[in-house]
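What follows is one structure encoded as structure tokens, with my remarks underneath.
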Amino acid sequence: MSRRKDEHLMDDITEELEKSGAKSIVIDKDDYSYTIVASVDKGGLGKIILKISSDSSTIPRSHIIDLLIMHKVFKAKPILVDESRRNEELQDGILYEHSGIPQLNPSTFSDLLKGKPLFFKNEGGVVKVRIKGWLLRELRMRYGLSLGDLAELLSVSRKAVYEYERGTIDVSAEKAQLLIELFGEEIVDSWDLSVKDPDQKIMERKVELGNLFNLKVKESYLLVHTHGKYATVTDKGSVLLGNENSREAEEVSSILGARYIRIQ
């Protein structure tokens with residue numbers, strides 16, 4: 001990936017974070033698993049860890065595991081902000097997923113900071129929309145439509161409509177548009193930035209440290225490309241453990257609402 005292109009992306013995202021009033025720190029190291037750590041009050045985003053690149057397919061697996069550990073221990077949302085993946089350009093307004101981590105293009109991330117909801121998600125190459133199933137059932141019955149009636153209008157099976165209402169399956173963008181025409185935009189729900197199966201992916205990094213500095217350690221994970229060496233959950237909160245006397249590590253920990261403790 002182009003160093004100049006990545007720097008341009010970094011500048012744009014940093015500017016958007018500043019406009020949103022976020023507290024953030026930019027990490028000026030290519031080999032780190034994160035690029036920006038921030039705390040955002042607007043839009044309910046809270047603590048976020050961004051990895052910015054021009055193509056997410058170049059992000060090593062070890063970086064992805066680090067991000068998932070940071071999510072697990074510090075309750076921060078990992079987000080990949082990229083222009084493309086495997087030479088496929090990411091589209092505006094669409095939520096993608098890479099190794100279980102939410103992925104957006106820069107324009108969509110900017111909209112997210114402004115409070116714009118995410119209504120479209122690309123899953124396996126198919127753009128899907130989340131429907132408020134309870135509301136769909138309520139409006140269908142209010143309009144006097146049976147499951148079969150609505151199924152015929154949407155050109156789907158009765159079972160599909162039943163699953164829509166239960167909230168067990170999502171609908172295609174095309175079917176969502178038909179539902180909007182029938183019942184209005186309120187029928188559509190927004191996607192959240194949930195992380196898929198983080199626990200399963202990080203088990204290989206789980207370590208036993210024992211108690212430290214009068215802190216009862218509950219669980220710890222080895223970090224590879226971060227300021228700290230271990231991310232640890234203790235009886236007094238989350239702790240980033242490192243062997244460097246680093247003000248930057250302390251600032252990262254502070255934004256994440258954690259402590260930084262130097263270990264030998």
Side-chain angles (χ1 to χ4, degrees), residues 40 42-46 48 56-57 64 67-68 71-72 75 77-201:
V40 186
K42 292 184 177 180
L45 282 175
I48 58 175
S56 63
S57 64
I64 295 295
L67 292 174
L68 292 172
H71 166 67
K72 168 75 173 181
K75 311 302 181 189
K77 297 180 180 71
I79 304 173
L80 305 180
V81 182
D82 317 288
E83 291 187 327
S84 64
R85 58 178 182 179
R86 296 183 296 276
N87 297 318
E88 173 196 357
E89 185 178 347
L90 301 187
Q91 301 300 307
D92 292 347
I94 297 180
L95 171 65
Y96 296 80
E97 189 179 275
H98 176 67
S99 300
I101 296 178
Q103 180 181 30
L104 309 169
N105 75 6
S107 176
T108 306
F109 179 72
S110 175
D111 287 342
L112 190 67
L113 286 175
K114 296 170 185 173
K116 186 174 181 179
L118 293 166
F119 289 126
F120 301 96
K121 183 177 182 180
N122 184 306
E123 289 189 338
V126 178
V127 177
K128 295 183 177 181
V129 177
R130 178 173 287 173
I131 295 297
K132 296 175 184 173
W134 62 271
L135 183 58
L136 176 60
R137 184 175 187 277
E138 180 181 302
L139 292 175
R140 174 178 64 77
M141 296 179 70
R142 185 186 303 173
Y143 281 84
L145 298 172
S146 67
L147 286 172
D149 293 335
L150 186 54
E152 185 175 351
L153 288 170
L154 297 177
S155 298
V156 299
S157 67
R158 287 168 51 93
K159 182 174 178 8
V161 175
Y162 174 70
E163 297 299 340
Y164 293 165
E165 293 185 352
R166 290 182 63 205
T168 55
I169 62 174
D170 303 306
V171 306
S172 67
E174 178 187 2
K175 302 304 181 187
Q177 184 57 46
L178 290 174
L179 286 171
I180 289 172
E181 291 173 3
L182 287 169
F183 303 117
E185 292 184 355
E186 62 181 345
I187 200 71
V188 177
D189 203 357
S190 61
W191 293 93
D192 57 29
L193 297 175
S194 58
V195 178
K196 186 176 180 180
D197 301 327
D199 293 346
Q200 182 179 352
K201 295 183 176 72

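Predicted model only: the values in this text are computed from it and were never measured.
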For the residue pair [X] and [Y], what are the closest heavy atoms and their distance?
X: L193; Y: P102; answer: O-CG, 3.5 Å
X: R85; Y: Y96; answer: NH2-CD2, 3.2 Å
X: D149; Y: G144; answer: OD2-O, 4.2 Å
X: H98; Y: Q103; answer: CB-OE1, 3.7 Å
X: D82; Y: L80; answer: OD2-CB, 3.3 Å
X: G93; Y: T108; answer: N-OG1, 2.8 Å

Regarding T168 and E163, is there a side-chain donor-to-acceptor distance under 3.5 Å anywhere?
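Yes, a side-chain donor-acceptor pair sits under 3.5 Å.
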
Tell me yes or no: between the side chains of D192 and S194, is some donor less than 3.5 Å from an acceptor?
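Side-chain D/A pair, D192 to S194: present.
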
Name all pairs fulfilling the salt bridge (charged side-chain N to carboxylate O under 4.0 Å, His left out) condition that reach into residues 121-133, sequence neighbours left out, sorted by first residue then second.
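As it turns out, the salt bridge (charged side-chain N to carboxylate O under 4.0 Å, His left out) pairs with a partner in residues 121-133, which skip direct neighbours, are E97-K121, K121-E123, E123-K128.
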
For atom CG of N87, is the number of surrounding heavy atoms from other residues, nucleotides or ligands below 6.0 Å larger than 12?
no

Which side-chain N or O atoms in residues 175-191 pair as donor and acceptor under 3.5 Å with protein atoms at least two apart or in another chain?
from: K175; atom 1: NZ; to: L154; atom 2: O; distance (Å): 2.6
from: W191; atom 1: NE1; to: F119; atom 2: O; distance (Å): 3.4

With side-chain contact (heavy atoms from CB on, under 4.5 Å) as the criterion, how do V129 and F120 come out once you've worked through the C-alpha distance, each side chain's angles and the decisive distance to 0.1 Å?
CA-CA 5 Å; V129 177; F120 301 96; 3.6 Å; yes

Rounded to the nearest 0.5 Å, what separates atom [atom1] in [X] from atom [atom2] in [Y]?
X: L90; Y: E83; atom1: CG; atom2: CD; value: 8.5 Å
X: L147; Y: R158; atom1: CG; atom2: CZ; value: 5.0 Å
X: E88; Y: S57; atom1: CD; atom2: OG; value: 10.5 Å

Can you list everything that forms a ring pair (Phe, Tyr, Trp, His ring centres under 6.0 Å) with Y162? Sequence neighbours excluded, please.
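So Y162 forms no ring pair (Phe, Tyr, Trp, His ring centres under 6.0 Å) with any residue.
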
